[in-house]
Protein chains: 2
Amino acid sequence: MRPYSHFLEQIRSAGLRPTRQRLALAKLLFGGEDRHLTAETLHADAQADKVRVSLATVYNTLHQFTDAGMLREIVVDASRSYFDTNTSDHHHFYFEKDGMLSDVPEQSISIDKVPDAPEGMIIKSIDVVVRIAEA
Amino acid sequence: MRPYSHFLEQIRSAGLRPTRQRLALAKLLFGGEDRHLTAETLHADAQADKVRVSLATVYNTLHQFTDAGMLREIVVDASRSYFDTNTSDHHHFYFEKDGMLSDVPEQSISIDKVPDAPEGMIIKSIDVVVRIAEA
DNA sequence: GTGTTTGCAAAGTGTTTGCAATTTA
DNA sequence: TAAATTGCAAACACTTTGCAAACAC
């Protein structure tokens with residue numbers, strides 16, 4: 001597990017004050033394996049970990065971390081926001097039945113020929129979602 | 001413009017009764033060029049066309065048409081549902097600034113190597129969204 | 001006539017906001 | 001102590017639902 005100071009520094013360099021809540025959430029988010037999450041699941045994790053954080057603060061923090069490039073938002077469902085601690089370029093399987101996300105193994109998909117952005121615009125990202133249903 | 005009977009038949013074959021509302025919406029949806037829309041925009045179009053339809057019925061109809069394969073739902077924004085009258089396999093540009101969608105020209109992008117679906121599951125679709133921002 | 005569909009208003013869901021109290025620096 | 005942050009509850013935007021009246025067949 002990374003040292004406490006790592007999270008502290010990470011939060012500071014995002015221009016944010018390392019509050020108890022942000023430190024606890026950063027530890028949950030970045031302290032282990034990469035993960036996919038929603039505000040609800042992170043809030044539940046915090047509670048399970050006996051960390052007192054309001055849902056509003058979870059939302060604020062998720063957005064602040066996303067703006068700082070520490071998280072990536074994944075849009076797969078019209079009614080829930082997902083975030084990914086892995087901000088590198090990769091694609092997702094979305095299991096519609098249970099609302100779970102997982103990464104598509106890097107070598108198993110590839111995009112040829114990236115389209116040009118219209119004049120005066122830039123491509124922010126190319127998001128690929130492979131929707132999975134039961135056979 | 002397609003004849004009235006076309007829409008009537010299209011709705012019937014979806015197992016739905018061709019009500020005044022469904023006919024009017026089908027005409028708006030399928031009577032011209034392919035289009036991208038939300039419940040709100042379709043509702044506004046109906047009003048502009050002097051068609052009295054409630055927003056609830058617009059939502060119901062969009063889902064019924066989607067289930068019947070007449071529309072395709074496009075997920076690009078965590079807080080709004082988009083639909084596309086073009087149900088064939090193609091990808092989208094999403095302009096974050098104004099919430100507009102447009103098709104990616106077919107030849108300008110291509111997916112190599114489609115990943116395998118996990119055991120016992122099937123790939124329902126592979127959705128590609130190219131997010132566009134101002135330069 | 002029977003079963004389907006509509007429209008309304010109410011309820012629901014996930015998310016954001018306003019603001020006083022608290023915390024950080 | 002000045003500025004940032006938190007938590008609550010209220011507000012929000014979009015969508016769904018319950019149900020009586022209207023409609024299709």
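Chain letters run A, B, ... following the sequence lines, proteins first, then strands; residues in each count from 1.
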At less than 4.0 Å, is any side-chain N or O atom of [X] found next to OP1 or OP2 of [N]? Yes or no.
X: B:Arg80; N: D:dC14; value: yes
X: A:Ser79; N: C:dT13; value: no
X: A:Gln21; N: D:dG7; value: yes
X: B:Ser81; N: D:dT15; value: yes
X: A:Ser54; N: D:dC8; value: no
X: B:His63; N: D:dT16; value: yes

Over how many whole Å does the gap from [X] atom [atom1] to [N] atom [atom2] extend?
X: A:Leu16; N: D:dA3; atom1: CG; atom2: P; value: 18 Å
X: A:Asp77; N: D:dT16; atom1: CG; atom2: P; value: 11 Å
X: B:Arg22; N: D:dA22; atom1: CZ; atom2: C1'; value: 14 Å
X: B:Leu25; N: C:dG7; atom1: CG; atom2: P; value: 9 Å
X: A:Arg52; N: D:dT5; atom1: CZ; atom2: P; value: 18 Å
X: A:Asn60; N: C:dT15; atom1: CG; atom2: P; value: 13 Å
X: B:Arg20; N: C:dG7; atom1: CZ; atom2: P; value: 6 Å
X: B:Gln64; N: D:dT15; atom1: CD; atom2: C1'; value: 15 Å

Nearest to the side chain of A:Val53, heavy atoms from C-beta on, is which of D:dG7, D:dC25, C:dA25?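 In terms of side-chain proximity for A:Val53, the closest of D:dG7, D:dC25, C:dA25 is D:dG7.
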
For D:dA24, the nucleotide meeting Watson-Crick or G-U wobble distances (both under 3.5 Å) is C:dT2

Assert: residue with more 5' nearest nucleotide on DNA chain C, out of B:Ala78 and B:Thr19, is B:Thr19

Quiz item: Mapping A:Glu40 and A:Ala56 to their closest nucleotides on DNA chain C, which lands nearer the 5' end?
Solution: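 The residue closer to the strand's 5' end, by nearest nucleotide, is A:Glu40.
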
For B:Arg12 and B:Tyr59, take the nucleotide of DNA chain D holding the closest heavy atom to each; which residue's nucleotide lies nearer the 5' end?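 Its nearest nucleotide being more 5', the pick is B:Tyr59.
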
Walk me through it: do B:Asp127 and B:His92 pass the test side chain to side chain donor-acceptor pair (under 3.5 Å)? CA-CA 8 Å; B:Asp127 300 344; B:His92 294 95; over 6 Å; no

Taking all heavy atoms of B:Phe93 and all of A:Pro115, pick out the closest pair and write down the distance.
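Shortest heavy-atom contact: CZ-CB, 3.9 Å.
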
query: Quick one: does A:Arg131's side chain have a donor or acceptor within less than 3.5 Å of a partner on A:Val76's backbone?
result: yes

Side-chain contact test, heavy atoms from C-beta onward, threshold under 4.5 Å: evaluate it for A:His63 versus A:Phe83 and give yes or no.
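Touching, per the 4.5 Å side-chain cut-off.
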
| Do A:Ile132 and B:Ile122 come close enough that some side-chain heavy atom pair is under 4.5 Å? |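 No. Closest side-chain heavy atoms not under 4.5 Å.
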
